[in-house]
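Everything on this sheet refers to the single structure shown next.
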Amino acid sequence: MNLVFLGPPGAGKGSQAALVCEKYSIPHISTGNMLRAAIAQKTSMGLAAKKNIDAGNLVPDDVVIEIVKQRLAEDDCKNGYLLDGFPRTIAQAQKLDEFATLDLVILVDVDDKSIIKRLSRRRTCVDCSSTYDISKVPEDACHSCGGRLVRRTDDSKETIKNRLNVYHELTSPLVTYYKDSGRLCKVDGKATIEVVFSAVSEVLDTI
Ligand code: ADP
Ligand code: ZN
């Protein structure tokens, strides 16, 4: 099962991906998490990507394409994987079609107003990347691993707006790209995590 989760920042792709990957025992491949890990490790790639990420812009296509290509070549991807946050441009999608065969692309749909609200309240675990709504989880530690919860540097008001603009301009054309090739399925991302997950599971049971 080779899957892609598509959708705006803060749509809940990461939370849904974690649930799907646990249920089907496939690796969760998040380019955002991989880039943040590279930043934390201060690799030259990470340091170069940091200024784009902090500004809410995309990291260059060739950089992320190479990361994903190498990751998909690893053994644990043989029985399937879930890509979260990749592809984000038509060029990335075209390249991906050269080295991977996708079974399904799931669009997690959420309107801009809700996104802005969600991202400004979001806190992220520095260790395992779990996310929390600050109004619901006021404590300072991650429920799954005890890690420190922080506001991601790109979850600031101005940067959120830019990320949404980038999404509409560069990433949303992928909806048509995948619809035209019959690989797209849409779920409403505005419901609770549990309700969205049952919609996602229903879709996945059909393949
Ligand atoms: P979100 O979906 O909440 O915006 P991600 O963790 O997926 O967050 O991505 C964070 C940032 O990492 C993006 O704003 C972008 O700068 C960079 N990034 C992640 N994936 C890609 C990609 N496929 N192409 C280019 N940049 C990417
Ligand atoms: Zn954690």
Side-chain angles (χ1 to χ4, degrees), residues 4-18 22 28-40 45-72 81-96 100 105-110 112 114-133 137 139-174 177 189:
V4 166
F5 270 10
L6 187 65
K13 302 186 295 291
S15 311
Q16 293 303 322
E22 195 186 359
H28 174 194
I29 302 174
S30 157
T31 41
N33 289 348
M34 290 162 94
L35 289 166
R36 281 183 291 276
I39 293 173
M45 185 271 286
L47 295 177
K50 185 172 169 27
K51 57 179 188 314
N52 292 312
I53 295 177
D54 285 349
N57 294 322
L58 296 185
V59 171
D61 284 338
D62 52 341
V63 174
V64 280
I65 288 166
E66 197 46 43
I67 296 178
V68 171
K69 198 173 176 182
Q70 284 182 17
R71 182 64 187 86
L72 294 190
Y81 49 80
L82 191 163
L83 286 167
D84 163 15
F86 183 94
R88 255 178 159 93
T89 62
I90 291 283
Q92 292 177 18
Q94 286 169 338
K95 269 282 176 232
L96 180 63
V105 177
I106 300 179
L107 170 65
V108 185
D109 197 32
V110 179
D112 284 12
S114 313
I115 294 290
I116 293 171
K117 216 163 149 188
R118 281 185 184 184
L119 289 182
S120 23
R121 291 184 188 165
R122 181 164 83 170
R123 295 298 179 271
T124 304
C125 172
V126 287
D127 292 327
C128 77
S129 306
S130 294
T131 58
Y132 296 90
D133 181 331
V137 181
E139 310 100 281
D140 247 6
C142 171
H143 280 186
S144 21
C145 80
R148 198 159 48 91
L149 300 182
V150 297
R151 181 171 188 155
R152 259 169 55 179
T153 44
D154 58 345
D155 279 348
S156 68
K157 205 167 170 221
E158 275 317 302
T159 310
I160 291 169
K161 277 200 194 130
N162 190 43
R163 282 157 68 201
L164 273 172
N165 289 339
V166 167
Y167 175 76
H168 289 300
E169 192 184 324
L170 297 173
T171 309
S172 68
L174 295 180
Y177 179 86

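For ligands, and for the atoms within them, numbers begin at 1 and follow the listed sequence.
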Whether the side chain of [X] engages the backbone of [Y] through a donor-acceptor N/O pair (distance < 3.5 Å, no angle test) should be reported.
X: Arg118; Y: Ala11; answer: yes
X: Gln16; Y: Gly12; answer: no
X: Lys50; Y: Leu35; answer: no

Any non-hydrogen side-chain atom of Pro9 less than 4.5 Å from a side-chain atom of Leu119?
yes
If you define the side chain from C-beta out and look only at heavy atoms, does anything of Val4 sit under 4.5 Å from Pro87?
yes
Asn33 and His28: side-chain donor and acceptor closer than 3.5 Å?
no
Among all residues two or more places apart in sequence or in another chain, which pass the side-chain hydrogen bond (donor to acceptor under 3.5 Å, both in side chains) test with Arg152?
Asp154
With the Zn ion (ligand 2) as the apex, the SG/SG angle for Cys128 and Cys125 - to 10°
110°
Rounded to 10°, how many degrees is the angle SG/Cys142-the Zn ion (ligand 2)-SG/Cys145?
110°
Counting only heavy atoms and a distance below 4.0 Å, can you name the residues contacting ligand 1?
Pro9, Gly10, Lys13, Thr31, Gly32, Leu35, Arg36, Ile53, Asn57, Leu58, Val59, Val64, Gly85, Phe86, Arg88, Gln92, Arg122, Arg152, Asp154, Arg163
